[in-house]
There are 2 protein chains.
Amino acid sequence: MQRFFDSIYRVGNEARAALQEIIRERTYSKNEIIQEIGSRCRTVYMVKSGAARIFYYKEGNDITEHFAFENEVIVRAESLFTGKPTAKGIQAIDDTVMVVIDSVKLFQLYDEYHDLERLFRLIFEREYVNTLKRIENFQFKSARERYLELVDSPNLIQKVPLKYIASYLGITQVSLSRIRSSLQD
Amino acid sequence: MQRFFDSIYRVGNEARAALQEIIRERTYSKNEIIQEIGSRCRTVYMVKSGAARIFYYKEGNDITEHFAFENEVIVRAESLFTGKPTAKGIQAIDDTVMVVIDSVKLFQLYDEYHDLERLFRLIFEREYVNTLKRIENFQFKSARERYLELVDSPNLIQKVPLKYIASYLGITQVSLSRIRSSLQD
DNA sequence: TTGATTTTTTATCATTTGTTAATTTTTTTC
DNA sequence: GAAAAAAATTAACAAATGATAAAAAATCAA
């Protein structure tokens with residue numbers, strides 16, 4: 001995990017030690033709710049092993065907004081960055097080990113360690129860029145095209161139930177099933 | 001504009017002066033290309049008056065990815081944050097006055113002025129949150145629902161040609177026309 | 001202003017996706 | 001390992017959106 005951070009931005013030794021102080025590790029079992037719907041996001045998670053998703057309910061339907069796999073950061077950004085509660089939750093898709101960072105403490109450290117603010121700025125900029133790519137996918141790609149792109153990420157296709165993938169793609173499970181069968185496999 | 005910055009985060013006097021040094025203003029006429037498709041984004045714009053859009057071509061079709069109006073920041077983030085060229089461009093929708101910030105210089109100032117890094121971190125975090133909201137709109141809202149949400153932003157509906165709005169919503173212009181007429185107006 | 005160009009609307013038909021319900025397959029639990 | 005529960009598929013029909021073409025309306029430029 002330190003390697004992951006370093007690959008983005010190497011912080012000084014003091015900053016590294018300070019960050020280490022507020023990091024802990026936690027294990028979640030498959031399907032466990034990591035953060036409840038309706039709560040505030042005051043935690044930055046990084047998936048050490050396993051997988052997790054951000055989800056919410058729309059008219060009774062469970063919708064997956066985001067997946068995170070090994071070495072990926074997962075936060076409910078619309079809450080983390082605004083301080084407001086969010087209608088989204090985080091759930092373990094698999095037995096999952098998380099690196100857990102208290103965001104309140106982290107943001108305090110930003111004042112003291114410019115380095116840390118930069119590291120996490122860069123981390124979240126990446127997330128932002130990924131989100132923009134997702135917008136492109138929704139704008140004028142068919143569900144079939146969107147699915148075909150996902151098929152290339154083995155992590156996702158292997159680990160994640162199709163019902164989660166369907167809502168992630170913005171279609172029903174039935175629709176996804178139809179698309180898959182039309183790909184003669 | 002200083003007021004806009006201050007509303008997000010008040011930087012110290014030195015930082016403010018340093019930022020002022022790298023800011024200039026520029027006027028674009030309606031439809032003028034502000035940044036060419038295929039170029040790198042090395043500029044942060046803020047709309048002082050007028051409006052602009054980010055657009056690209058998909059299979060020959062002009063697609064609007066983003067709108068920006070008064071006091072909004074507009075950047076091609078997937079390039080600004082990665083250094084890579086982007087297939088997207090920026091165009092003035094109206095006669096537009098832009099506040100123009102050289103991002104290379106800005107990022108250099110980050111090293112010297114922690115304050116400035118924070119200010120722009122907060123600015124782009126907001127953009128990130130907006131982008132997430134847009135994902136929600138694409139996931140399981142119908143084109144009609146997405147349009148109805150837009151109708152509430154008078155800026156957009158008044159200033160922007162419907163063809164731009166259509167692609168922004170991820171539908172064809174014909175479809176948008178149909179939706180509008182079904183709203184008996 | 002007027003003619004040309006661009007934008008928007010309308011109509012028709014094709015395709016994609018949604019909805020509902022039933023069935024099959026897979027996974028979980030005891 | 002068998003029963004129960006959950007997930008995935010299939011089918012049939014409905015609704016939304018796309019594609020194309022033509023007409024109407026609005027905007028632009030000389």
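On a predicted model such as this, the values are computed, not experimentally measured, just so you know. Note on naming: letters A, B, ... go to the chains in the order of the sequence lines (proteins, then strands), and numbering restarts at 1 for each one.
Around the NZ atom of Lys58(B), the shell of radius 6.0 Å holds more than 12 heavy atoms that belong to other residues, nucleotides or ligands. The neighbour count for Lys84(A) NZ, taken as heavy atoms of other residues, nucleotides or ligands under 6.0 Å away, does not exceed 12. Around CD of Glu14(A), the count of heavy atoms belonging to other residues, nucleotides or ligands within 6.0 Å does not exceed 12.
When the C1' atom of dT7(C) is taken as reference, atom CG of Asp62(B) falls 13 Å away, rounded to whole Å. Distance, Gln173(B) CD to dT17(D) P: 16 Å, rounded to whole Å. Going from atom CZ of Arg180(A) over to atom P of dA7(D) covers 15 Å, rounded to whole Å. For Ile63(A) and dG18(C), the CD1 to C1' distance is 14 Å, given to the nearest whole Å. Counting to the nearest Å, the P atom of dT16(C) and the CD1 atom of Ile179(A) are 10 Å from each other. When the P atom of dA19(D) is taken as reference, atom CD of Glu59(B) falls 9 Å away, rounded to whole Å. Note: CD1 (Ile93(A)) to P (dA7(D)) measures 12 Å, nearest angstrom. Computed from coordinates, the Leu176(B) CG to dT9(C) P distance equals 7 Å when rounded to whole Å.
Ser175(B) comes within 4.0 angstrom of sugar-phosphate atoms only, judged by non-hydrogen atoms across all strands, and of no base. Ser177(B) comes within 4.0 angstrom of a base, heavy atoms only.
Taking the six-membered ring for Trp and the full ring otherwise, the centers of Phe67(B) and Tyr164(B) sit at least 6.0 Å from each other. Between Phe5(A) and Phe120(A), the gap from one ring centroid to the other is short of 6.0 Å.
Closest contact between the side chain of Ser181(B) and the listed nucleotides dT19(C), dT10(C), dT17(D) involves dT10(C).
The pair Glu136(A)-Arg146(A) does not meet the salt-bridge criterion, since no charged nitrogen lies less than 4.0 angstrom from a carboxylate oxygen.
Within residues 158-169 of chain B, the residues that place at least one heavy atom under 4.0 Å from DNA chain C are, in residue-number order, Pro161(B), Leu162(B), Lys163(B).
Checked against Val100(A) for a side-chain contact (heavy atoms from CB on, under 4.5 Å), the options Glu25(A), Arg26(A), Lys48(A) give a single hit: Arg26(A).
No cation-pi contact links Arg144(B) to Tyr147(B), judged by a cut-off of 6.0 Å to the six-membered ring centre and 45° from its axis. Taking the ring centre of Tyr168(B) as origin, the terminal cationic atom of Arg134(B) falls inside the region bounded by 6.0 Å and 45° from the ring axis.
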Could you run down nucleotides 20-30 of chain D 5' to 3' and tag each one B, S or - for protein heavy-atom contact under 4.0 Å? B-------S--
